[in-house]
Amino acid sequence: MDAGMEFSLQVSQNKYLPASGREMHAILSVVGESSGPETLGPARADPHRLVEVLVIDCSGSMANPPTKIAAARRATAAAIDVLPDGVRFAVVEGTERARMVFPTASRLMTASAQTRADARAAVSRLSPDGGTAMGSWLAAARDLLPDDPSAICHVLLLTDGINQHETPQELERVLDTCAGRFVCDARGIGDGWHPRDLLRIAGVLRGTAEAVRRPAELEAGFRATIDAALGKLLPDLRIRVQTMPYSTVAFFKQASPTLTDLTGYADTVDGRTAEFATGSWGAERRDYHLCLTVDPAVAHLEEDQMAARVTLLVEGEVRAGPAPVLVHWTDDLVKSSRLDPRVSHVTGQEEVRQAINAGCDAYDRGDRVEAHAQWTRAVELARLARDEKALEQLRYLVDLEPDGLVRLKPNLSRVDVNVSLLFSSQTVHASGTPEPVPVAPVGEDRLCAACGHLSPPDAVYCEQCDAVLDDPGVSGEAAT
């Protein structure tokens with residue numbers, strides 16, 4: 001079921017590498033648009049395809065101060081009110097174990113005026129007591145979900161504590177079983193939670209990790225998160241990357257709106273083909289950073305060579321592409337020195353956020369000198385990149401003096417450090433429109449008489465053995 005979605009794929013890169021160059025960077029801009037009838041509001045999926053599970057930390061620390069648990073009750077009730085009739089939902093209480101709050105049995109309820117009222121009443125009785133074991137919470141949410149590939153499943157998890165009542169290995173095992181089943185947005189409140197836990201959960205489950213500075217902000221944040229989840233129209237979009245014999249994937253990251261390394265989550269189709277699940281989609285744009293390692297030993301100087309082909313798929317059906325990622329080895333230093341604006345924008349943001357991250361880690365270790373050095377570097381990089389969002393966040397950590405000096409704030413709050421760590425996963429799109437992707441070669445792939453390998457229709461040399469394909473000759477069926 002495509003839910004009336006259309007996708008486009010644009011590739012930004014500087015294809016020119018010096019004769020000895022080994023890294024090719026490309027930014028893949030993916031845009032999803034609703035192709036259904038025009039409406040007055042944003043596109044929405046059939047509510048009966050949507051599943052929402054609210055997981056609320058009710059450990060003992062939520063009572064200190066009591067405004068946290070009170071804010072959690074109000075925010076959860078507000079999130080329930082946002083759910084339209086037909087959405088299946090549940091509320092789970094998290095302590096050292098998971099407990100059903102609404103309904104009391106391990107099943108989903110269908111949203112209606114009556115079930116929303118019953119759920120709000122159950123939530124009003126939430127009280128803090130016990131420990132924290134987030135893996136058990138996520139497992140409970142997973143077990144509630146329907147066995148329906150067309151269902152669009154979302155979990156909103158709120159915590160104020162450290163995952164101390166289970167081992168990191170136990171959490172990892174649960175995350176492995178949850179990956180691909182649902183998207184999870186994780187939220188931290190107070191100053192006792194561990195940013196790494198939230199980033200890990202959000203990264204594996206293709207969601208976002210954010211901090212709530214003040215309990216009073218939680219209600220609006222929950223409403224916004226649920227509203228965004230209701231705008232998803234497809235449960236998943238997959239990005240397929242097909243490399244050549246002389247190229248491999250060095251890394252694959254979501255670059256915006258959140259920075260998430262997806263390299264370790266590739267599904268291998270064959271030795272040269274990998275697919276990356278990207279989670280549920282609505283009408284939105286996301287950018288991905290693909291880095292390829294290429295072998296200059298196969299270079300034909302001053303010629304375009306295919307480094308990879310990128311395709312978008314929904315339920316196995318091609319929805320955009322294949323789009324080529326090219327490499328062109330050259331002795332022209334001017335060509336190979338040019339910076340593609342989009343690649344530069346993404347790598348610049350990544351460098352800023354890595355420096356912020358490193359400073360937070362140093363501060364947590366008690367190394368104020370290293371923290372100051374890293375945050376000073378982050379300020380310099382942000383100024384060069386004109387990254388105002390990063391500079392705004394850095395002002396919570398350092399004082400930016402008129403003379404250009406960067407001074408560490410004397411009394412940093414735990415919240416500001418935690419928020420800054422989560423900020424390192426948030427990015428912004430480059431402005432402007434990506435350059436059009438070169439049209440992918442059309443026609444039958446060419447069969448090499450020497451080794452029998454199929455190469456693209458416009459190939460001059462065999463991708464496998466490098467033999468000259470001087471005559472189209474016999475061709476085979478197009479490779480997938």
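What you are looking at is a predicted structure, and each value in this text was computed from that prediction instead of being measured. Along the sequence shown, residues are numbered consecutively beginning with 1.
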Partner set under ring-ring contact (aromatic ring centres under 6.0 Å, His included) for F89, not counting sequence neighbours: F102
With distance as the sole test, does R238 use its side chain to make a donor-acceptor pair with the main-chain N or O of G279 at under 3.5 Å? no
Would a distance-only check, ignoring hydrogens and angles, find a side-chain to backbone donor-acceptor pair under 3.5 Å from W375 to I356? yes
Could you tell me whether Y16 and W329 have their ring centroids closer than 6.0 angstrom? no
Does the Lys NZ or Arg CZ of R368 fall within the cation-pi geometry relative to Y363 - under 6.0 Å from the ring centre and within 45° of the axis? yes
Donor-acceptor pair, E284 side chain versus V31 backbone, under 3.5 Å? no
Using the test side-chain hydrogen bond (donor to acceptor under 3.5 Å, both in side chains), find all partners of Q305 that sit at least two apart in sequence or belong to another chain. none
Would you call D236-R181 a salt bridge at under 4.0 Å N-O? no
CH2 of W193 to CG of N418: how many Å apart, nearest 0.5 Å? 4.5 Å
Would you please name every residue forming a salt bridge (Lys or Arg N to Asp or Glu O under 4.0 Å) with D304, sequence neighbours left out? K15
Would you give the length of the straight line joining atom CG of D367 to atom CD of Q374, rounded to the nearest 0.5 angstrom? 9.5 Å
Any side-chain heavy atom of S280 within less than 4.5 Å of one from L234? no
Do S29 and L9 come within less than 4.5 Å of each other through their side chains, counting heavy atoms only? no
Report the residues that fulfil salt bridge (Lys or Arg N to Asp or Glu O under 4.0 Å) with R88, sequence neighbours left out, ordered by chain and then residue number. none
Is the shortest distance from a Lys or Arg side-chain nitrogen in D387 or R353 to a carboxylate oxygen in the other one below 4.0 Å? yes
Can you confirm whether N163 sits close enough to H194 that some side-chain heavy atom of one is under 4.5 Å from a side-chain heavy atom of the other? no
Judged by atom type as modelled, is there a donor-acceptor pair below 3.5 Å linking the side chain of T243 to the main-chain atoms of R272? yes
Donor-acceptor contact below 3.5 Å, side chain N14 vs main chain K335: yes
Going by the rule side-chain hydrogen bond (donor to acceptor under 3.5 Å, both in side chains), which residues pair with E392 if we only count those two or more places apart in sequence or in a different chain? none
Scan side-chain atoms only and decide if Q393 and S420 contain a donor-acceptor pair under the 3.5 Å cut-off. yes
Is it true that the side chains of S12 and D340 contain a donor and an acceptor less than 3.5 Å apart? no
Considering residues at least two apart in sequence or located in another chain, which fulfil the side chain to side chain contact (heavy atoms under 4.5 Å, CB included) criterion with R200? E172, L175, V204, Y265
Find out whether I239 and F252 are in side-chain contact, i.e. whether some heavy atom of one side chain is under 4.5 Å from a heavy atom of the other. yes
Partner set under salt bridge (Lys or Arg N to Asp or Glu O under 4.0 Å) for R213, not counting sequence neighbours: D416
Sequence neighbours excluded, the answer for side-chain hydrogen bond (donor to acceptor under 3.5 Å, both in side chains) partners of T293 is none
With distance as the sole test, does S247 use its side chain to make a donor-acceptor pair with the main-chain N or O of A307 at under 3.5 Å? yes
For residues V398 and V379, determine if any side-chain heavy atom of one lies less than 4.5 Å from a side-chain heavy atom of the other. yes
Under 3.5 Å: donor-acceptor pair, side chain of R49, backbone of S150: yes
Does the side chain of D185 pick up a donor-acceptor pair with the side chain of T225 at under 3.5 Å? no
So which pairs with a foot in residues 164-187 pass ring-ring contact (aromatic ring centres under 6.0 Å, His included), sequence neighbours left out? none
Output for pair (L138 CG, L171 CG), nearest 0.5 Å, gives 7.0 Å
For H154, all residues meeting ring-ring contact (aromatic ring centres under 6.0 Å, His included), sequence neighbours excluded: none
Closer than 3.5 angstrom, by distance alone: can the side chain of T278 be matched with the main-chain N or O of L237 as a donor-acceptor pair? yes
Is L405 close to L400 at the side-chain level, that is, under 4.5 Å between some pair of heavy atoms? no
Any sub-3.5 Å donor-acceptor pair from R386's side-chain atoms to R383's backbone N or O? no
Under 4.5 Å between any side-chain heavy atoms of F7 and V314, yes or no? yes
Among Q254, Q349, E350, R342, side chain to side chain donor-acceptor pair (under 3.5 Å) partner for H289: E350
Under 6.0 Å from the ring centre and within 45 degrees of the ring axis: does the NZ or CZ of R286 meet both conditions for the six-membered ring of W281? yes
By salt bridge (Lys or Arg N to Asp or Glu O under 4.0 Å) - contacts of D399 (at least two apart): K409
Say whether R187 and T159, considering side chains only, have a donor N or O and an acceptor N or O under 3.5 Å apart. no
Do D270 side-chain atoms and T273 backbone N/O form a donor-acceptor pair below 3.5 Å? yes
Who are the side-chain hydrogen bond (donor to acceptor under 3.5 Å, both in side chains) partners of S344, not counting sequence neighbours? none
